[in-house]
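First up is the structure itself, then whatever we jot down about it.
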Amino acid sequence: GAVVSQHPSWVICKSGTSVKIECRSLDFQATTMFWYRQFPKQSLMLMATSNEGSKATYEQGVEKDKFLINHASLTLSTLTVTSAHPEDSSFYICSARDSNLVSGEQFFGPGTRLTVL
Amino acid sequence: KQEVTQIPAALSVPEGENLVLNCSFTDSAIYNLQWFRQDPGKGLTSLLLIQSSQREQTSGRLNASLDKSSGRSTLYIAASQPGDSATYLCARTGGTSYGKLTFGQGTILTVHP
């Protein structure tokens, strides 16, 4: 149980295009999902908190118009990188918090490697 | 600012050794602390979660402890194996960042045969 998937696992796109990344909780409901960004040899940086049925909460310094987040159901959140540029190239990881667990444990997806040419 | 620090940054040990990874945090108002493993180019695998009311958790060869008063958690790995080689991350929730995980920088572990 507690499986989180991400799609795609990797994507290469041209500068100026938009890329959508999906995060799904496969066997549990997640009222809250989180999006992280990870640079090489660095730890994870929280970008935003995605809440089902409401607007995402972005961390300081993260452009909400650049990184669009939609959490339309209890099992799916999407991150769209709009007008991507080479500096957006990174490893993007999502996590989902099981709504039924008091512990608040988060389960992570396998990540999406984005390369912008 | 809440910070999480992991020591050492890197560790190389021969197979079979018992080892300890350290994690310290600045805010004792912790909700829970999680230990993760990350293999190169992969996502995170949750290893152990310790809630604030708990002192330790065990899973197989892994044991994690939590001491809120000193702001420390340790991950003990018994009888290390080459397959344990990975980056180990600790992360906390709680305090002013309720619900959000604050990560340490990780410890890169290499277990050589």
Side-chain angles (χ1 to χ4, degrees), chain A residues 1-10 21 23-26 28 30-52 56-60 62 90-99 101-115, chain B residues 1-10 21 23-25 29-54 56-57 59 64 66 86-110:
Chain A
V3 178
V4 176
S5 70
Q6 277 184 247
H7 179 81
S9 56
W10 59 270
I21 303 171
C23 178
R24 293 182 184 271
S25 56
L26 299 186
F28 64 97
T31 308
T32 305
M33 292 185 176
F34 301 88
W35 286 97
Y36 297 84
R37 184 172 181 176
Q38 187 177 33
F39 292 103
K41 298 188 183 302
Q42 294 188 23
S43 192
L44 279 72
M45 181 192 77
L46 178 65
M47 299 174 65
T49 302
S50 172
N51 298 297
E52 186 268 336
T57 303
Y58 291 81
E59 295 300 300
Q60 190 173 8
V62 178
S90 190
F91 192 54
Y92 293 87
I93 305 177
C94 72
S95 71
R97 188 161 66 200
D98 190 331
S99 302
L101 290 180
V102 176
S103 67
E105 184 171 3
Q106 293 183 31
F107 301 94
F108 283 76
T112 297
R113 174 77 57 193
L114 170 63
T115 302
Chain B
K1 179 182 177 182
Q2 299 172 356
E3 291 187 351
V4 179
T5 305
Q6 290 188 245
I7 296 174
L21 307 181
C23 174
S24 61
F25 45 91
I30 190 171
Y31 188 71
N32 64 42
L33 188 135
Q34 260 179 286
W35 282 93
F36 298 90
R37 168 187 173 138
Q38 185 176 31
D39 293 289
K42 305 293 185 182
L44 273 65
T45 300
S46 180
L47 298 174
L48 291 165
L49 179 147
I50 311 175
Q51 297 185 59
S52 62
S53 58
Q54 301 171 325
E56 66 177 343
Q57 286 286 332
S59 175
L66 175 64
T87 297
Y88 289 79
L89 295 158
C90 71
R92 53 152 294 164
T93 60
T96 57
S97 67
Y98 175 75
K100 304 178 187 178
L101 283 169
T102 302
F103 282 88
Q105 290 301 307
T107 294
I108 301 172
L109 173 65
T110 304

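Only the side chain of B:Q51 comes within less than 4.5 Å of a heavy atom of chain A; its backbone N, CA, C and O stay farther away. Of the two parts of A:E59, only the side chain, counted from C-beta on, holds a non-hydrogen atom closer than 4.5 Å to a non-hydrogen atom of chain B. With a 4.5 Å cut-off on non-hydrogen atoms, B:L49 touches chain A through its side chain but not through its backbone.
A heavy-atom distance below 4.5 Å is not found between the side chains of B:K100 and A:T32. Using a 4.5 Å heavy-atom threshold, the side chains of A:E105 and B:S46 count as touching. In this structure, B:L101 and A:L44 have side chains that are not in contact, with every pair of non-hydrogen atoms separated by 4.5 Å or more.
Rounded to the nearest 0.5 angstrom, B:I108 CD1 and A:K41 NZ are separated by 6.0 Å. One finds the CZ atom of B:F103 at 14.0 Å from the CD atom of A:Q42 (value rounded to the nearest 0.5 Å). Between the OG1 atom in B:T45 and the CZ atom in A:F108 there is a gap of 10.5 Å [rounded to 0.5 Å].
For B:K42 against A:F91, the heavy-atom pair with the smallest separation is O-CE2, 3.4 Å. The shortest non-hydrogen separation linking B:G104 to A:S43 is O-OG, 2.6 Å.
Listed options A:Q38, A:Q6, A:R113 were ranked by heavy-atom pairs under 4.5 angstrom with chain B; first place goes to A:Q38. For chain A, the option among B:S52, B:G106, B:G41, B:P40 with the highest count of heavy-atom pairs below 4.5 Å is B:G41.
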